[in-house]
Amino acid sequence: MAEQRVMEHPVDSTGHAGEHEESHSEEHHLEWTEIARIVFVALACAAVWFRIWEPFEKVSVIGLVAALIGMFPILEEAFEAIMERRMTMELSMTIAIGAALAIGQFFTGLVIILFVLIAEVLEGMTVGRGRRAIKDLLDFLPRNATVRRQGSSREISASEIRVGDVVVVKPGSRIPVDGEVISGNSFVDQSTITGESMPVEKLAGTRVYAGTINQSGSIEVRTTGIGRDTAFGKIINAVEEAEKSRAPIQRTADRLAGYLVYLALGCAVLTFIITRDLRSTISVIIVAGACGIAAGTPLAILGGIGRAARSGAIIKGGLYLEILSSVDTVVLDKTGTLTFGNPEVTGIRAAAGAKNEDVLEAAAIAERPSEHPLAKAILKKAHETSLPVVEPTSFNYIPGKGLVCAVDGDEIVVGNKSLLAEHHIELDGFGGPSDHSSEILVARRGRLLGSVQIADRLRPEATAAAAELKKMGLRVILLTGDASPIARAVAKQLGIDEVEAELLPEHKVDRIKALIAEGRKVAMVGDGVNDAPALMQAHVGIAMGSGTDVARESAQIMLLGNDLLKFVDTLKIARRCHRIIMANFTGTLLVDGVGVGLAAFGFLNPLLAAFIHVTSELAFILNSARLLPAVSKTSVE
């Protein structure tokens with residue numbers, strides 16, 4: 001029954017909650033006030049039960065004073081509800097307790113108050129855990145940092161760092177800012193930002209991110225972003241905005257809670273008219289509880305968003321968590337989503353009389369002046385194999401066919417079979433269609449040396465992710481602008497039955513519109529600028545962490561890094577959240593229906609009604625609390 005508003009933290013430039021110590025001490029003080037109130041009401045219950053003050057005829061006075069003190073938080077919330085013209089459980093409980101006291105049932109009234117106060121504390125602890133789970137994100141940023149200014153180093157508060165400052169980060173420390181390494185060499189665990197499982201080497205000129213961990217060597221970083229302007233700060237912003245949002249199902253829960261209160265009061269009036277039994281009437285009001293759904297629903301959504309954030313997905317609002325739970329179709333982009341987006345040499349075929357090294361060396365010499373992505377893949381492979389790559393003396397690029405160059409008097413031709421045919425070079429069976437890669441033919445001195453196969457490698461988790469999506473009963477579709485043979489080969493590797501290739505961005509949008517017109521609930525996963533329109537058209541768009549800014553801004557869910565299994569986990573979290581909320585809805589209606597019926601016919605006294613009300617409420621709240629991530633105990637420097 002405690003109010004389920006999410007805490008809003010005033011945040012300073014570092015991204016930390018402002019007035020942290022003060023808020024902490026205030027929470028501690030309030031908690032002890034509640035405990036003192038519970039102890040006082042419990043002692044009053046004992047006094048009334050054992051009639052300790054009976055010789056002085058002050059039992060009723062003790063009971064009334066204890067009831068008023070114990071009821072204070074309930075009365076406060078009931079008054080707020082009246083001012084806002086809302087019907088809440090606090091208001092109905094106030095009526096029930098007041099009626100019990102009016103007919104001299106002081107012990108009954110005090111026990112009901114005691115149940116409610118204990119429920120408030122337990123509920124507050126549970127909800128507080130959910131709030132802390134989100135707030136823990138702030139603790140990934142250190143509170144102090146060592147800054148080099150005017151030739152000397154000194155430790156300052158992170159709030160004093162300015163853009164342009166040089167920050168010294170020691171091994172084992174968290175990096176407090178976004179910036180560029182200007183000196184030093186180290187490995188950094190940046191899984192909190194990019195999702196990469198392995199530490200990344202950092203040299204002069206490379207970027208680092210706030211909230212990541214410097215593992216080995218000391219580095220100096222020139223600050224380019226602080227606090228909310230860092231990549232980590234933007235993640236915090238996204239989580240906090242999502243935390244404040246209200247999903248449609250949450251509004252439904254609030255409305256249902258109000259209706260149940262009206263129903264309870266209506267049933268109470270009807271019970272009194274028929275039975276003229278005030279105890280049964282009070283029991284009817286007490287037993288009907290909608291707090292389980294009123295408090296449990298936002299708690300479940302909060303838990304789902306927090307758990308998704310911990311597992312590597314930022315959901316931009318409770319609305320999208322709810323929509324994701326009902327998705328039945330997942331549309332996947334290929335390049336950069338299912339694949340790395342960087343072409344690599346996957347094979348070399350040498351013709352008779354030639355070696356693989358001859359093929360690669362000639363191809364690398366020809367491609368050295370080129371800026372084509374396939375050229376970069378060939379040069380990278382040559383560098384890995386330590387082949388000498390000299391600069392050609394002449395270079396001629398033929399669009400759509402390939403290139404011709406000369407080195408040491410030798411003519412080198414690299415391209416498709418059409419280009420080699422123009423130079424009267426026998427192909428010897430090379431240059432056949434490839435269903436999974438691009439094949440580049442290589443010739444030197446008028447003789448075919450062989451071919452180089454280049455393909456965009458699948459992400460290692462893509463196959464497992466696609467299998468999991470299908471296992472969940474989802475319809476999985478691959479939409480790509482790539483050539484049909486390559487798209488079909490990738491789909492076959494992943495076990496995807498539906499694939500459409502050679503699509504322009506507007507064609508992807510049209511395809512998603514058609515799916516929606518069929519009544520499908522569509523999620524789209526992509527990473528590039530060309531995916532942005534489709535991400536916005538889908539019911540919910542999911543952007544890869546390494547995707548373009550446009551894609552990340554267009555999507556409603558952003559993956560930290562590029563692991564598609566994180567998307568699968570997020571889908572499972574959304575579905576679990578929906579199941580928990582529906583279980584709370586069903587359970588509340590069942591308990592209220594049976595409880596009101598039993599109370600109306602005199603089978604429940606007020607004490608038993610209060611016990612059923614409180615225990616059912618806590619059961620539904622604890623059911624929602626199962627979604628909450630474990631609170632981190634990581635200490636921050």
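In terms of the side chain to side chain donor-acceptor pair (under 3.5 Å) criterion, residue partners of Thr329 (sequence neighbours excluded) are, by chain and number, Arg520. Scored by the salt bridge (Lys or Arg N to Asp or Glu O under 4.0 Å) test, Asp497 finds Lys470 as partners (sequence neighbours excluded). Ser326 pairs by the side chain to side chain donor-acceptor pair (under 3.5 Å) definition with Lys521, not counting sequence neighbours. In terms of the salt bridge (Lys or Arg N to Asp or Glu O under 4.0 Å) criterion, residue partners of Lys572 (sequence neighbours excluded) are, by chain and number, Glu468. With sequence neighbours excluded, the residues forming a side-chain contact (heavy atoms from CB on, under 4.5 Å) with Ala538 are Ile512, Val522, Met524, listed by chain and number. Residues passing the side-chain contact (heavy atoms from CB on, under 4.5 Å) test with Ser280 are Thr271, Asp277, sequence neighbours excluded. Every side-chain contact (heavy atoms from CB on, under 4.5 Å) that Val269 has, sequence neighbours left out, goes to Ile273. For Arg511, the salt bridge (Lys or Arg N to Asp or Glu O under 4.0 Å) criterion is met by Glu500, not counting sequence neighbours. Residues meeting the side chain to side chain donor-acceptor pair (under 3.5 Å) test with Arg457, sequence neighbours left out: Glu344. Remark: Glu502 engages no residue in a salt bridge (Lys or Arg N to Asp or Glu O under 4.0 Å) (not counting sequence neighbours). In this structure, the side chain to side chain donor-acceptor pair (under 3.5 Å) partners of Asn623, at least two apart in sequence or on a different chain, are Asn584, Arg626. Phe72 pairs by the side-chain contact (heavy atoms from CB on, under 4.5 Å) definition with Arg37, Glu76, not counting sequence neighbours.
One distance of note links CD1 of Ile573 with CD1 of Ile305; it measures 11.0 Å at 0.5 Å rounding. Here OH of Tyr209 is found 10.5 Å from CD1 of Ile175. Values are rounded to the nearest 0.5 Å. In this structure, the separation between CG on Leu494 and CG on Leu478 is 7.5 Å, given to the nearest 0.5 Å. Here Thr339 contributes atom OG1 and Gln493 contributes atom CD; the two are 11.0 Å apart, rounded to the nearest 0.5 Å. We find the OG-NE2 distance between Ser283 and His613 to be 13.0 Å, quoted to the nearest 0.5 Å. With rounding to the nearest 0.5 angstrom, the CD1 atom of Ile581 is 7.0 Å from the OG atom of Ser624.
Closest of all the heavy-atom pairs between Val499 and Ala491 is CB-CB, 4.0 Å. Minimum heavy-atom separation, Lys334 to Val490: CD-CG2, 3.9 Å. Across every non-hydrogen atom of Thr570 and Ala308, the tightest pair is CG2-CB, 4.3 Å. The nearest pair of heavy atoms linking Thr337 to Gly526 is OG1-CA, 3.5 Å. Taking each heavy atom of Leu564 and Ala465 in turn, the nearest pair found is CB-CB, 3.7 Å. Contact record, Phe340 with Leu458: CE1-O, 3.4 Å, taken as the closest heavy-atom pair.
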### Task
Walk me through it: do Val287 and Asp592 pass the test side chain to side chain contact (heavy atoms under 4.5 Å, CB included)?
CA-CA 7 Å; Val287 77; Asp592 281 10; over 6 Å; no
### Worked check of side chain to side chain contact (heavy atoms under 4.5 Å, CB included) between Ile557 and Ile314
CA-CA 6 Å; Ile557 298 174; Ile314 303 302; over 6 Å; no
### Task
In sequence, state the C-alpha distance, the side-chain angles, and the governing distance for Leu321 and Cys577, and then conclude on side chain to side chain contact (heavy atoms under 4.5 Å, CB included).
CA-CA 8 Å; Leu321 183 69; Cys577 180; 3.9 Å; yes
### Task
Carefully, step by step, assess Lys508 and Gln537 under the rule side chain to side chain contact (heavy atoms under 4.5 Å, CB included).
CA-CA 9 Å; Lys508 291 184 180 180; Gln537 184 63 49; over 6 Å; no
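Checking each of Leu332, Asp333, Val331 against Leu479 for a side-chain contact (heavy atoms from CB on, under 4.5 Å) leaves exactly one that passes, namely Val331. When each of Asp510, Asp328, Ile477 is paired with Leu515, the side-chain contact (heavy atoms from CB on, under 4.5 Å) condition holds for Ile477 and for no other.
A salt bridge does not link Arg307 to Asp569: none of the charged nitrogens lies less than 4.0 Å from a carboxylate oxygen.
The shortest side-chain heavy-atom distance between Arg576 and Leu627 falls under the 4.5 Å cut-off. When side chains are defined from C-beta on, Phe567 counts as touching Leu469, because their heavy atoms get closer than 4.5 Å.
Judged by distance alone, the side chain of His539 and the main-chain N or O of Ala523 form no donor-acceptor pair under 3.5 Å. For the pair Ser325 (side chain) and Glu322 (backbone), a donor-acceptor distance under 3.5 Å is present. At distances below 3.5 Å, not a single donor-acceptor pair connects side-chain atoms of Arg174 with backbone N or O atoms of Ile213. Using modelled atom types, no side-chain atom of Gln556 and backbone atom of Tyr320 make a donor-acceptor pair closer than 3.5 Å.
Within 6.0 Å of the CE atom in Met536, the count of heavy atoms belonging to other residues, nucleotides or ligands does not exceed 12.
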